[in-house]
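What follows is a short report on a single structure.
So that the names make sense, note that chain A is the first sequence line, chain B the second, and so on, each numbered from 1.
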Amino acid sequence: MAERLQLQLPNGEVREVPQGITPLELAPELLGEAAKDAVVGLLDGQWVDLRAPIPRSGPFRILTVRDPEAGDVIRHSAEHVLADAVERLFPGTIIDAGRQDHSEKFQYDFRHPRPFTPEDLARIEEEMARIVAEDLPFTRQVVTRQQAWELFKARGEELKLIRLAEIPEGEEITVFRHGEFVDLCRGPHVQRTGQIGAFKLLETSGAYFKGDERNEMLQRIYGTAFATREELEAYFARLEEARRRDHRRLGRELDLFSFHPLAPASPFFHPKGAIVYNELVALMRELYQRYGYQEVITPQLFDAELWQVSGHWEAYRENMFLTEVEGRAFSIKPMNCPSHCLIYKVAARSYRDLPLRLADFGRLHRFERSGVVQGLTRVRSFSQDDAHIFCLPEQIGPEIDRLFDLMFEVYGLFRFTEPTIYLSTKPEKAIGDAELWAQAEATLEGCLKSRGVSYTLNPGEGAFYGPKIDFVVQDAIGREWQLGTIQLDFNLPHRFALTYAAEDGTEKTPVMIHRAVLGSIERFFGVMLEHFAGDLPFWLAPEQVRVLPVSDKFLSGAQEVARRFQAAGLRAQVDGRNEKLGAKIRDGELAKVPVLLVVGAKELEQGTVSVRLRHRGDLGPQPLEEVLRRLGQAKAHRRAVLWEEDE
RNA sequence: GCCAACGUAGCUCAGCCGGUAGAGCAGCUGAUUCGUAAUCAGCAGGUCCAGGGUUCGAGUCCCUGCGUUGGCUCCA
């Protein structure tokens, strides 16, 4: 065992240091004056608490309050300060634990006789500010299980004793203190509370102990913290940007959809929203033509027996709307797959018929608990760009490959980032033969590899009936959304006793692939609206062109212009209101109409229209025929850019 | 479902300690005929979420329900 460690520093230098040295001891040497700002050590991408011995050789650096990555540690330490403040203000409160992911927020759960009020939060914040001003040093101590037990027993921290008991045998147990406060914690923590430069408590909520609703409910407090006030303000600016893009707000402002209390969590798409919705469906139908899908239309209501056969009755009943007529139990469909199995069974299938790709935009209803519904992203009534592919086992590979083409084509069209791909494999509770699973996982992995796409493995996260590939994209402000999914299913074909006549004349069971590209159209609508901040691409815009007469005198001329665009298949309206041009421009911009056409004496005389593009402004008068041609092309090809200069 | 906050005109919001409801925008009417992000004036618009209670009196206080929003998807 080497006596000394080799640390590669960011400047390339390799520093030899004695075993057992801590980042804090090394800081003056590495950072000089800035040592007082040190927050945490980083050894080969892993945190090393300032007060903990550096465990081994490797690339090493010390983060200071000026490194944005140090924010996680600052928030984690602010979490302890929060718990300290609560204990100071409300003696007898039992503390539970904080949050694991500190990339954005911190939180702490408490056993407290009543919920915290907004007034409590204000007081706690003041107390936290005092603790930060006291600039108390954090200390780290390795303790034995027995010492930890006695410590928290003496402090009456019952929940901590439960947490302690759950720490696996053999793991190092540490406690962190600042001032009078002590917490069972892995760390890492900042040097002193004063390094928490700016913080804010955000909200309170109830939270079940260990996230399990059979446990007692604790009181949770959320907050966030940064090294500087500027970073805290930037955080609130990001929240504000997300609010500005909120699809619920845009949906109301742009008159796209609404909700009504008498149909909770079920959207009403208004005329403009229905245009957008139908354009999304039209896109998929067009692609289905090219990718060899056949669309089907299936019932809404089924005898419960169908769901018994499919297994939904057993596994999914709490999410289904049930009803009864003539003493017979029925359910509104939550998924399309069983219908498609029934269609499969209508005829004797041969291997020559496969792959059979059945697409269905059928409306689905799923009961979502009242507390979990949210705008368009979590609804009870929706439809999907759903399809099921029935194929031979050896067709899985080529089918997946085609699906990748389809997914990438669609996401590219909406200008999302390249998707991140997750491969989820066999979970513990799985059905079907182990050999088929292995084969399916190998096939999926083979497809990913042969396409050269990188992916992340999610071991054990597959569906109970088969492994799956998920597609996650980032939107314009960096938020991640899971859209597409490809799921292999060896279960349902068996349950429905689906067969085909194989080449050798024997009867075999086909494989089923469940897949969606947009996922729920409703959810995609919401995600896309936020991604574009309401500025829909030309081909999707409910109103593509608005013609603005300079005054009433040119109204009939403007109507004639609009008719030309309508005849070319474009969605064009005239703003015929008795308003000044400036007001019509403003309203057109606020309605996010991509193309505004100004028509006055000059234009009518010359056969031109003055083109004003959203986010580009006035292009001046352009020949009417030219504008018709360019916009017609832009729509037909679903172009992102409407007006290339060099055309 | 559970915890908390919220629910006032189509929208955004004000309404103090309980004393009988207000603004801006939108709408309607009229005047103005206008050249690239708001013309002026007038009018109309309310089951203050619903139901119950306290009170001489409730938008305001209490209870119940509904809806919306944020959480409850842990892991010292």
Residues in salt bridge (Lys or Arg N to Asp or Glu O under 4.0 Å) with A:E69, at least two apart? A:R61

Please name all residues satisfying side chain to side chain donor-acceptor pair (under 3.5 Å) with [X], sequence neighbours left out, ordered by chain then number.
| X | result |
| --- | --- |
| A:T456 | none |
| A:E461 | none |
| A:E240 | A:R243 |
| A:S381 | A:R363, A:H365 |

Pairs where residues 583-598 of chain A contributes a residue and the test salt bridge (Lys or Arg N to Asp or Glu O under 4.0 Å) is met, not counting sequence neighbours: A:R577-A:D587, A:E589-A:R612, A:E589-A:R614

Give the nucleotide from the list B:rA76, B:rC11, B:rC74 with an atom nearest to the side chain of A:R252. B:rC11

The residue among A:R111, A:K210, A:R163 that forms salt bridge (Lys or Arg N to Asp or Glu O under 4.0 Å) with A:D96 is A:R163

Contacts of A:A516 meeting side-chain contact (heavy atoms from CB on, under 4.5 Å) (sequence neighbours excluded), chain-then-number -> A:D385

Sequence neighbours excluded, the answer for side-chain contact (heavy atoms from CB on, under 4.5 Å) partners of A:Q107 is A:R99, A:R220, A:Y222

Nucleic acid contacts of residues 99-106 of chain A, taken as heavy-atom distances under 4.0 Å to RNA chain B: A:R99, A:Q100

Which residues in residues 545-556 of chain A have at least one heavy atom lying under 4.0 Å from any atom of RNA chain B? A:V550, A:S551, A:D552, A:K553

For the aromatic rings, using the six-membered ring if either is Trp, is the centroid distance between A:F116 and A:F110 under 6.0 Å? yes

Contact class for [X] vs. all strands (heavy atom < 4.0 Å): base, sugar-phosphate, or nothing?
| X | answer |
| --- | --- |
| A:E166 | nothing |
| A:A148 | nothing |
| A:E157 | nothing |
| A:L596 | nothing |
| A:G375 | sugar-phosphate |
| A:V372 | base |

For A:E241, is there an ion pair with A:R244 - N to carboxylate O distance below 4.0 angstrom? yes

Flag the pair A:E625 and A:R564 as a salt bridge only when some basic side-chain nitrogen lies within less than 4.0 angstrom of an acidic carboxylate oxygen. yes

Let me know, please, whether A:E172 or A:K602 comes out on the 5' side of the other along RNA chain B by nearest nucleotide. A:K602

For [N] and [X] - does any side-chain N or O of the residue sit under 4.0 Å from the phosphate oxygens OP1/OP2?
| X | N | result |
| --- | --- | --- |
| A:R186 | B:rA76 | yes |
| A:R248 | B:rU69 | yes |
| A:Q374 | B:rG71 | no |
| A:R249 | B:rC11 | no |

Set out, line by line, the N/O atom pairs under 3.5 Å between protein and nucleotides 37-43 of chain B.
from, atom 1, to, atom 2, distance (Å)
B:rA37, O4', A:R586, N, 3.4
B:rA37, N7, A:R612, NH2, 3.2
B:rA38, N9, A:R586, NE, 3.4
B:rA38, N7, A:R586, NE, 3.4
B:rA38, N7, A:R586, NH1, 3.1
B:rA38, N7, A:R586, NH2, 3.4
B:rA38, N6, A:R586, NH2, 2.8
B:rA38, N1, A:R586, NH2, 3.2
B:rU39, OP1, A:E579, OE1, 3.3

So with a 6.0 Å cut-off around CD of A:E166, is the heavy-atom count from everything else above 12? yes

Can you say whether a donor on the side chain of A:Y208 sits under 3.5 Å from an acceptor on the base of B:rG1, or the other way round? yes

What one should report as the nearest heavy-atom pair of A:V48 and A:V40 is O-CG2, 3.4 Å

Please report, rounded to the nearest Å, how far the P atom of B:rC72 is from the OH atom of A:Y108. 18 Å

Please list, pair by pair, any protein nitrogen or oxygen found under 3.5 Å from a nitrogen or oxygen in nucleotides 3-7 of chain B.
from, atom 1, to, atom 2, distance (Å)
B:rC3, O2, A:G206, N, 3.4

